[in-house]
2 protein chains.
Amino acid sequence: MDTTLRQTLHRRGLRMTPQRQLVLDAVRDLGHATPEQICAQVQSAAPAVNITTVYRTLDLLERLGMVRHTHLGHGAPTYSEQEHTHVHLVCHSCGAVTEAQTDLMDDLAARLRRECDFELDVTHVALSGRCGRCIERPSDEEEHQ
Amino acid sequence: MDTTLRQTLHRRGLRMTPQRQLVLDAVRDLGHATPEQICAQVQSAAPAVNITTVYRTLDLLERLGMVRHTHLGHGAPTYSEQEHTHVHLVCHSCGAVTEAQTDLMDDLAARLRRECDFELDVTHVALSGRCGRCIERPSDEEEHQ
DNA sequence: CTAAATGCAAATAATTTGCGGGGAG
DNA sequence: CTCCCCGCAAATTATTTGCATTTAG
């Protein structure tokens with residue numbers, strides 16, 4: 001199935017295993033998910049796979065450049081395919097994750113490069129705020145003054 | 001010293017304590033720091049203060065709107081004064097944290113509001129990338145092929 | 001006095017590490 | 001036969017919770 005994975009591994013003297021394939025599949029299927037969610041998905045196919053292996057494999061796949069993790073704000077990082085390149089918008093009111101085109105950030109990236117001498121990596125950290133639905137809703141959120 | 005804190009607490013029927021003052025002072029002194037760093041700072045003045053209290057106090061101060069936490073990327077969140085309002089740029093090569101004016105983000109915020117119906121909160125999550133120094137440096141970073 | 005705040009210890013949660021066995025090449 | 005990889009259990013690290021004691025107001 002995934003010739004790329006097999007080859008990439010082989011090129012580095014590493015082995016192809018069902019676990020590695022399963023973890024990569026799970027990352028792809030789930031879009032972006034935490035190690036635990038990925039583990040659950042993998043275990044639905046192969047219950048014996050240990051979460052330790054999931055952590056190790058995610059780490060490996062990341063070093064191979066096949067997946068990448070993003071910090072959505074709280075708790076655990078989420079993993080997604082490397083190709084999966086867009087900006088994450090996380091609503092810290094309801095937790096919804098939206099995705100936006102990376103070119104939204106082009107101007108900002110250019111300014112950061114020019115004015116702050118900083119090469120922006122658009123995909124690694126999410127933008128935080130409130131989504132449309134939560135703005136509408138009167139939502140007596142945190143600050144009840 | 002900090003009349004504001006005392007008053008804010010009093011308005012909600014909460015009490016002023018030395019621990020609370022110490023934690024707030026530490027947050028201010030340290031700029032942005034993890035709960036553990038804050039705890040260390042507090043304990044340098046009052047060794048008996050427990051880290052549990054630091055967590056609880058940070059949580060409280062945040063609900064009071066006096067401090068705010070930011071996810072710099074990995075591990076623990078960092079706390080800083082509410083006023084301390086700027087964008088964090090984190091280099092994921094060397095870990096350096098730079099601060100930039102929030103108005104850098106104004107255009108992006110406007111576009112997000114218009115095009116994605118998303119109200120950006122500029123200060124909650126950091127932008128990730130590489131700082132000038134690390135771009136210069138040939139730096140045989142992660143992928144040593 | 002009384003409710004709120006603290007310290008301490010124990011419970012959780014998330015992630016990492018050490019180790020012995022099993023299997024691919 | 002050798003080294004990679006896996007599962008398992010235990011170690012770490014970060015954070016939260018329960019409870020008895022203390023204390024600000």
Side-chain angles (χ1 to χ4, degrees), chain A residues 2 5-24 26-27 32-64 66-67 69-79, chain B residues 1-3 5-27 32-43 45-64 66-67 69-79:
Chain A
D2 198 320
L5 175 56
R6 165 160 252 120
Q7 288 175 352
T8 308
L9 288 167
H10 192 258
R11 208 177 315 129
R12 318 234 177 169
L14 303 173
R15 294 189 197 142
M16 177 59 151
T17 67
Q19 286 88 336
R20 288 174 177 177
Q21 184 66 62
L22 285 167
V23 170
L24 180 55
V27 170
H32 39 76
T34 64
E36 294 202 272
Q37 294 171 318
I38 291 163
C39 185
Q41 169 85 353
V42 167
Q43 289 181 335
S44 74
V49 176
N50 193 282
I51 191 167
T52 303
T53 303
V54 173
Y55 277 108
R56 280 191 288 231
T57 305
L58 286 172
D59 198 58
L60 174 66
L61 292 177
E62 185 157 44
R63 271 178 289 126
L64 295 179
M66 307 197 65
V67 308
H69 77 271
T70 304
H71 298 280
L72 255 33
H74 289 98
T78 62
Y79 287 78
Chain B
M1 188 128 291
D2 199 321
T3 321
L5 175 55
R6 166 161 252 120
Q7 289 175 351
T8 309
L9 288 168
H10 192 258
R11 209 177 315 129
R12 318 233 178 168
L14 302 173
R15 294 186 196 147
M16 178 58 152
T17 68
Q19 286 89 336
R20 289 177 174 173
Q21 184 65 61
L22 285 167
V23 169
L24 181 55
D25 289 347
V27 169
H32 36 78
T34 64
E36 292 203 274
Q37 295 171 318
I38 291 163
C39 185
Q41 170 85 355
V42 168
Q43 289 181 337
V49 176
N50 193 283
I51 190 166
T52 303
T53 302
V54 173
Y55 276 109
R56 282 192 286 229
T57 304
L58 287 172
D59 199 58
L60 173 66
L61 292 177
E62 184 156 47
R63 273 179 289 127
L64 296 179
M66 307 197 64
V67 308
H69 77 271
T70 305
H71 298 279
L72 254 33
H74 290 99
T78 62
Y79 288 78

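Note on naming: letters A, B, ... go to the chains in the order of the sequence lines (proteins, then strands), and numbering restarts at 1 for each one. Please read these numbers as outputs of a predicted model, since none were measured by experiment. What you see below is based on every heavy atom in this structure, not just the backbone, and it leaves out hydrogens, waters and symmetry mates.
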Original post:
From A:L5 CG over to A:L64 CG, what is the distance, rounded to the nearest 0.5 angstrom?
Top reply: 7.5 Å

Subject >> Residues forming a side-chain contact (heavy atoms from CB on, under 4.5 Å) with B:P77, sequence neighbours excluded >> reply: B:H69, B:H71, B:Y79

Subject >> Set of side-chain contact (heavy atoms from CB on, under 4.5 Å) partners for A:A46, sequence neighbours left out >> reply: A:L22, A:V49

**OP:** Please round to the nearest 0.5 Å and tell me the distance separating atom CZ of A:R56 and atom CG of A:L61.
**Re:** 13.5 Å

**OP:** Indicate, with a heavy-atom threshold strictly under 4.0 Å, whether B:I51 touches base, sugar-phosphate, or nothing.
**Re:** nothing

Subject >> 5'-most by nearest nucleotide on DNA chain D - B:H10 or B:P77 >> reply: B:P77

**OP:** Kindly determine whether A:L14 and A:R20 satisfy side chain to side chain contact (heavy atoms under 4.5 Å, CB included), including the steps that lead there.
**Re:** CA-CA 11 Å; A:L14 303 173; A:R20 288 174 177 177; 4.2 Å; yes

Original post:
Atom OG1 in A:T8, atom CG in A:L24: separation rounded to 0.5 Å?
Top reply: 9.5 Å

**OP:** Output the distance between atom OG1 (B:T70) and atom NE2 (B:H32), rounded to the nearest 0.5 Å.
**Re:** 8.0 Å

Between the protein and nucleotides 6-12 of chain C, are there any N/O to N/O pairs under 3.5 Å, and if so, what are the atom names and distances?
{"residue": "C:dT6", "atom": "OP1", "partner": "B:T17", "partner atom": "OG1", "Å": "2.8"}
{"residue": "C:dT6", "atom": "O3'", "partner": "B:Q19", "partner atom": "NE2", "Å": "3.0"}
{"residue": "C:dG7", "atom": "OP1", "partner": "B:Q19", "partner atom": "NE2", "Å": "3.2"}
{"residue": "C:dG7", "atom": "OP2", "partner": "B:N50", "partner atom": "N", "Å": "3.4"}
{"residue": "C:dG7", "atom": "OP2", "partner": "B:T53", "partner atom": "OG1", "Å": "2.5"}
{"residue": "C:dG7", "atom": "N7", "partner": "B:R56", "partner atom": "NH2", "Å": "2.9"}
{"residue": "C:dG7", "atom": "O6", "partner": "B:R56", "partner atom": "NH1", "Å": "3.4"}
{"residue": "C:dG7", "atom": "O6", "partner": "B:R56", "partner atom": "NH2", "Å": "3.3"}

Original post:
Expressed in angstrom and rounded to an integer, what is the separation of A:D59 atom CG from C:dA14 atom C1'?
Top reply: 15 Å

Subject >> Closest non-hydrogen atom pair between B:V54 and B:P35, with its separation >> reply: CG1-O, 3.9 Å

**OP:** Check the distance between C:dT17's P and A:Y55's OH and give it to me in whole angstrom.
**Re:** 13 Å

**OP:** Answer yes or no: is there a side-chain heavy-atom contact under 4.5 Å between B:M16 and B:H10?
**Re:** no

**OP:** Under the side-chain hydrogen bond (donor to acceptor under 3.5 Å, both in side chains) rule, collect the residues that match up with A:T52, sequence neighbours excluded.
**Re:** A:N50

Original post:
Just by protein heavy atoms under 4.0 Å, how would nucleotides 20-25 of chain C read 5' to 3' in B, S and -?
Top reply: ---BB-

Subject >> Results of side-chain contact (heavy atoms from CB on, under 4.5 Å) for B:E36 - residues two or more places apart only >> reply: B:T34, B:I51

Original post:
side chain to side chain contact (heavy atoms under 4.5 Å, CB included) between A:T17 and A:L9: does it pass, once the steps are laid out?
Top reply: CA-CA 10 Å; A:T17 67; A:L9 288 167; over 6 Å; no

**OP:** Please list residues of residues 34-43 of chain A whose heavy atoms come under 4.0 Å from any atom in DNA chain D, ordered by number; otherwise none.
**Re:** none

Original post:
For DNA chain D, which nucleotides open and close the run of contacts to chain B, 5' to 3', at under 4.0 angstrom from a non-hydrogen atom?
Top reply: D:dA14 to D:dG25

Original post:
What's the spacing between B:I38 CD1 and B:D25 CG if we round to 0.5 Å?
Top reply: 11.5 Å

